[in-house]
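Worksheet for the structure shown next.
None of the values given here were measured: they were computed from a predicted structure.
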Amino acid sequence: MGVKGKLIASLEVKSGGHSVQDIFHVNTHHIPTISPSKINHFEIHEGQIIKVGSIVIWKYNEDGKEKIVKEVIEAFDHQKKSITWKVIGGDLLELYNYFTIITSSEDQWTTWTLVYEKKTEDTPEPLDFLGVVLDLTKDIDAHLLKK
């Protein structure tokens, strides 16, 4: 059994957490255009945007390398402005037995929670991936402020 971990990071967003979350809820397909240095591609593999059970694929850049993550949407709460994605394929599962990504927004804050189990004790914490999603959030916030 691997070492379980949880990373939580909150980022203040000037455009408002609800606006950032709306990008993930409704306009997810615009994210590669909003943040091309972080996200190369977004695809709905099965289902619809932000419907529980839908499967999505992201191609993202981490440390100058293109990586892939395939996720199923496990939970969506419009009231709490949160989405829970369970990773079911891609690069993260080479290092972790399981990996769950939760994003939520409240007032001027967007919070990312990563819950995972390392395959070995030597596996690094997913700080680089956390950096990707935080940079993505900054890009979305800057995009919304330009409108």
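At a threshold of 4.5 Å between non-hydrogen side-chain atoms, the residues Glu106 and Lys81 do not count as touching. Within the 4.5 Å cutoff, side-chain heavy atoms of Lys118 are placed close to those of Glu125. Taking the side chain as every heavy atom from C-beta outward, Leu11 and Trp112 never approach each other to under 4.5 Å. Using a 4.5 Å heavy-atom threshold, the side chains of His41 and Glu43 count as touching. By the 4.5 Å heavy-atom criterion applied to side chains, Tyr116 and Leu7 are counted as neighbours. Inter-residue side-chain proximity for Thr111 and Ile8 is flagged as met; some heavy-atom pair is nearer than 4.5 Å. Between Lys14 and Asp141 the shortest side-chain heavy-atom distance falls below 4.5 Å. Between Lys86 and Thr84, every side-chain heavy-atom pair lies at or beyond the 4.5 Å cut-off.
Here the CG-CD distance, from Asn97 to Glu117, works out to 4.5 Å after rounding to the nearest 0.5 Å. With rounding to the nearest 0.5 angstrom, the OH atom of Tyr98 is 4.5 Å from the NZ atom of Lys4. Atom CD1 of residue Ile140 and atom CD1 of residue Ile39 lie 8.0 Å apart, to the nearest 0.5 angstrom. The distance from the CD atom of Glu46 to the OG atom of Ser54 is 8.0 Å, given to the nearest 0.5 Å.
Partners of Lys70 under the salt bridge (Lys or Arg N to Asp or Glu O under 4.0 Å) rule, at least two apart in sequence or in another chain, do not exist in this structure.
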Going through the checks in order, is the side-chain contact (heavy atoms from CB on, under 4.5 Å) test met by Val72 and Trp85?
-> CA-CA 6 Å; Val72 63; Trp85 291 282; over 6 Å; no
Determine, step by step, whether Ser82 and Thr103 satisfy the side-chain contact (heavy atoms from CB on, under 4.5 Å) criterion, reporting the C-alpha distance in whole Å, the side-chain angles of both residues, the deciding distance to 0.1 Å, and the verdict.
-> CA-CA 5 Å; Ser82 71; Thr103 182; over 6 Å; no
side-chain contact (heavy atoms from CB on, under 4.5 Å) between Phe42 and Ile57, worked out | CA-CA 6 Å; Phe42 170 78; Ile57 297 171; over 6 Å; no
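Both Leu93 and Phe129 belong to a single network of hydrophobic side chains, linked directly or stepwise wherever heavy atoms of I, L, V, M, F, W or Y lie under 4.5 Å apart. Transitive grouping of hydrophobic side chains (ILVMFWY, heavy atoms separated by less than 4.5 Å) brings Leu127 and Leu114 into a common cluster. In the hydrophobic clustering of ILVMFWY residues, with side-chain heavy atoms under 4.5 Å counting as a link, Ile102 and Ile73 come out apart. Under the 4.5 Å side-chain heavy-atom criterion for Ile, Leu, Val, Met, Phe, Trp and Tyr, Ile55 and Ile44 are members of distinct hydrophobic clusters. Val87 and Phe76 end up in the same hydrophobic cluster when Ile, Leu, Val, Met, Phe, Trp and Tyr side chains are linked at under 4.5 Å.
Through side-chain heavy atoms spaced under 4.5 Å, either directly or across other Ile, Leu, Val, Met, Phe, Trp or Tyr residues, Trp109 is tied to no other residue.
Without hydrogens or angle criteria, Asp91 side chain to Ile68 main chain gives a donor-acceptor distance under 3.5 Å. Using a distance-only test at 3.5 Å, with no hydrogens or angles considered, a donor-acceptor pair links the side chain of Gln108 to the main chain of Val13.
The nearest pair of heavy atoms linking Tyr60 to Leu92 is OH-CG, 4.0 Å. The two residues Val52 and Glu74 make their nearest non-hydrogen contact at CG1-O, 3.6 Å.
Between the side chains of Glu71 and Trp58, at least one donor-acceptor pair of N or O atoms lies under 3.5 Å. Under 3.5 Å, the side chains of Asn61 and Glu66 contain no donor-acceptor pair of N or O atoms. Inspection of the Thr137 and Thr110 side chains reveals no N or O donor paired with an N or O acceptor under 3.5 Å.
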Name every donor-acceptor pair, under 3.5 Å, that has one atom in a side chain of residues 22-37 and the other anywhere in the protein, sequence neighbours excluded.
unit_1 : atom_1 : unit_2 : atom_2 : d
His25  : NE2    : Gln21  : NE2    : 3.4
Thr28  : OG1    : Phe24  : O      : 2.6
Ser35  : OG     : Asp139 : OD2    : 2.5

